[in-house]
Amino acid sequence: MAEIFVAKASDMQDGERRIVRTPKGEVGIFNYKGAFHAYANTCVHSGGPACEGVLVNKVLDIIAEDRTYQGQTFADEMHFVCPWHGYEYNIETGVCAGDPKLRLKKFETVVRSGDVYLVA
Amino acid sequence: MDAINNEVRNLRFDSYDTGEHLKNAAKQARARNYQDFLIVDVDSHHYESEHYKDVFSYIESPVLRRTALESFNRGGRSSFMGSEVGYQDIGGRITRHWLRKHEKTPADRHRDITTTLRWMNAMGVDYACLFPTPMLFLGTHPQPEIEAALAQAYNRWLCERILQEEKRIVSMLYLPFNDPEAAYRTVQEFGGKPGVVGFMVTAPRYKPVHDNAYMKTYRLIEEMGLPISFHAAYTWGDQALQLTNRFIGVHALGFMWFNMVHMTNWVVNGLPERFPKLKVMWIESGLTWAYSLMQRLDHSYMMRTSDCPSLKRKPSEYMQEMFFSSQPMEMPDDPSILEATFKMIKAETQLVWSSDYPHWDFDLPGVIYDLPFLNEQAKRNILGANAAKLFNLPLQPVKTIPEYD
Ligand code: FES
């Protein structure tokens with residue numbers, strides 16, 4: 001295990017990310033609401049660069065009390081989307097939206113003296 | 001702390017390179033030794049709409065040519081070509097669809113040749129059969145005259161600007177099927193041209209394949225020894241498909257629906273008996289539809305042979321002599337289900353791999369190469385050798401897979 005310097009925490013705004021090449025493969029590190037989350041940049045689907053796509057909130061159907069459909073909205077849950085085919089992952093857990101049995105390999109991060117490190 | 005060999009990069013949404021986008025595919029290609037054997041992609045795409053101005057200039061009729069070019073110049077408003085409702089990029093989630101405009105290509109080659117070769121090399125593809133994108137919906141254009149004019153212009157443009165320039169790119173040319181005479185003339189004009197490896201009918205349309213008007217065209221294609229293919233697509237204009245309210249619905253059903261109808265008509269009208277040497281290929285419907293339809297038709301056939309007296313065998317036996325492109329290949333959690341489908345369609349000789357790149361649901365060669373129930377020879381047949389036989393391509397690999405550390 002080694003600690004790899006990623007960035008100064010102050011250089012990574014909320015929603016920003018870095019991709020780090022490590023001996024264990026590429027890892028994507030996201031700053032989401034001040035917390036740093038790191039996942040293998042290899043999609044569980046076909047091995048695409050899972051961490052290199054857009055961030056978009058989970059989409060919800062609005063179903064009323066009477067079970068009627070009332071449109072759609074965004075939930076608070078944030079996803080990042082693999083750009084190859086659209087597999088979505090929860091940014092805080094790495095769990096795949098389409099099948100919770102699937103998740104990206106998670107890596108630890110450490111913030112020390114204002115610097116963000118990846119443990120890989 | 002380890003600072004060696006660890007490159008940190010920021011993500012950019014203002015530049016794009018196809019090779020970079022697919023660098024994980026290139027790593028897979030190298031890890032699986034794709035450089036050692038032939039891979040042919042029987043269904044891939046470019047966006048001919050980016051070259052409409054050029055393509056339209058090939059329209060023969062001066063009146064239609066002017067109308068097309070004027071319509072192009074206006075942009076944005078209702079157009080000459082018509083368009084199909086749909087959002088294939090999943091609301092911007094498939095980033096290459098909107099990033100590709102930033103891709104830099106050298107000025108001395110056609111841009112589509114450069115970008116096509118980039119993804120081909122990254123995936124480990126030697127030859128790719130290239131098809132248009134918006135023109136997949138042209139079969140629903142209300143004016144057969146415009147379909148015919150566009151098909152001729154596009155085919156001439158493609159032959160001259162792409163196929164003639166790059167041997168690794170081939171195509172089954174667009175048949176303007178709503179005008180049977182124009183379809184026949186298309187085969188006459190283009191059969192035998194460099195890079196033309198067959199003819200393609202876009203599936204969403206409302207002319208039945210068993211119409212007598214097509215018989216001379218099938219015969220001519222059969223005599224030329226080329227395949228005819230039916231490329232699936234959807235149309236939300238179809239009354240049955242209008243019952244779906246989400247793109248996933250119209251796409252999943254539409255891409256099977258039209259090919260199921262055409263296949264049914266093709267078989268029960270005895271076309272395989274009338275054209276026993278004609279090679280028929282079904283593109284982009286996945287595989288499960290064929291598995292299902294073979295069983296449905298066989299079951300009914302035994303009771304209703306009088307409905308299809310031209311047949312000498314069960315419908316599935318004819319279907320097992322046809323060719324099926326693999327993408328979008330269904331991937332059930334239990335591989336034995338997929339194995340049964342492969343058995344049903346005689347995959348080892350009849351299945352031909354396709355990527356459909358750069359569309360949103362593209363497949364890599366790994367969908368075949370990583371299957372646990374295929375031996376190495378079967379994998380190589382499906383990934384390249386079957387298509388090489390069909391298209392008369394050399395078996396020697398010609399690609400260079402880029403290296404990424
Ligand atoms: S490889 Fe990530 S969605 Fe397919």
Side-chain angles (χ1 to χ4, degrees), chain A residues 1-8 11-13 15-30 40-43 45-56 59 61 69 72 74 79-88 97 99 101-102 110 112 115-120, chain B residues 1-13 16 20-29 31-32 87-100 119 122-123 245-248 327-329 331 333 355-370 404-405:
Chain A
M1 286 288 181
E3 283 186 5
I4 300 165
F5 173 73
V6 177
K8 289 198 165 305
D11 286 346
M12 279 178 76
Q13 302 303 309
E16 268 194 44
R17 79 195 87 172
R18 297 287 184 276
I19 307 295
V20 182
R21 199 172 66 187
T22 83
K24 291 182 180 154
E26 286 194 345
V27 177
I29 296 119
F30 298 85
N41 191 24
T42 309
C43 185
H45 175 217
S46 297
C51 302
E52 297 188 29
V54 297
L55 299 187
V56 62
V59 174
D61 277 343
Y69 169 75
Q72 293 184 327
F74 286 118
H79 291 175
F80 60 93
V81 186
C82 177
W84 273 12
H85 313 94
Y87 271 40
E88 298 194 19
D99 182 351
K101 292 196 294 296
L102 303 174
V110 180
R112 193 184 305 119
D115 292 336
V116 184
Y117 296 92
L118 168 71
V119 183
Chain B
M1 202 193 311
D2 180 1
I4 303 158
N5 258 341
N6 298 312
E7 175 192 292
V8 179
R9 63 190 158 86
N10 207 339
L11 212 60
R12 300 192 56 158
F13 286 121
Y16 182 79
E20 271 293 316
H21 181 66
L22 292 173
K23 90 178 168 189
N24 289 7
K27 287 180 193 167
Q28 291 178 26
R32 290 160 176 76
Y87 33 99
Q88 312 252 4
D89 70 341
I90 326 178
R93 290 169 177 81
I94 306 297
T95 55
R96 67 183 163 279
H97 288 205
W98 49 272
L99 284 174
R100 56 195 306 283
W119 68 254
M123 286 189 202
N245 68 333
R246 303 267 163 103
F247 186 79
I248 188 175
Q327 183 275 346
M329 206 173 84
M331 279 291 188
D333 287 343
S355 75
D356 194 39
Y357 196 80
H359 293 170
W360 66 277
D361 52 350
F362 76 92
D363 280 345
L364 291 177
V367 297
I368 298 296
Y369 199 79
D370 297 345
Y404 294 97
D405 48 10

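Sequence lines set the chain letters: A, B, ... in the order given, protein chains first and strands last, and positions in each chain run from 1.
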Can you give me the closest heavy-atom contact between [X] and [Y], atom names plus distance?
X        : Y        : value
Val8(B)  : Val6(A)  : CG1-O, 3.5 Å
Pro83(A) : Thr95(B) : CB-OG1, 3.1 Å
Asn10(B) : Arg17(A) : OD1-O, 3.3 Å
Ile94(B) : Trp84(A) : CD1-O, 3.8 Å

Legend entry - CA sep, side-chain torsions, deciding dist, call: Val20(A), Glu7(B), side chain to side chain contact (heavy atoms under 4.5 Å, CB included): CA-CA 6 Å; Val20(A) 182; Glu7(B) 175 192 292; over 6 Å; no

Of the backbone (N, CA, C, O) and the side chain (C-beta and beyond), which part of [X] lies under 4.5 Å from a heavy atom of chain B, both, or neither?
X        : answer
Tyr69(A) : side chain
Val59(A) : side chain
Cys43(A) : neither

Legend entry - Side chain proximity check, Phe362(B) to His85(A), heavy atoms < 4.5 angstrom: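 Yes, close enough: below the 4.5 Å cut-off.
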
Legend entry - Arg9(B) with Glu52(A): basic N within carboxylate O range, under 4.0 Å: yes

Using a 4.5 angstrom heavy-atom cutoff, name the option from [options] with the most pairs to chain B.
options                               : answer
Val54(A), Val81(A), Ile19(A)          : Ile19(A)
Gly28(A), Ala7(A), Gly47(A)           : Gly47(A)
Met1(A), Met12(A), Glu26(A), Glu16(A) : Glu26(A)

Legend entry - Residue selection (most heavy-atom pairs with chain A, distance under 4.5 Å) from Leu99(B), Asp363(B), Leu11(B): Leu11(B)

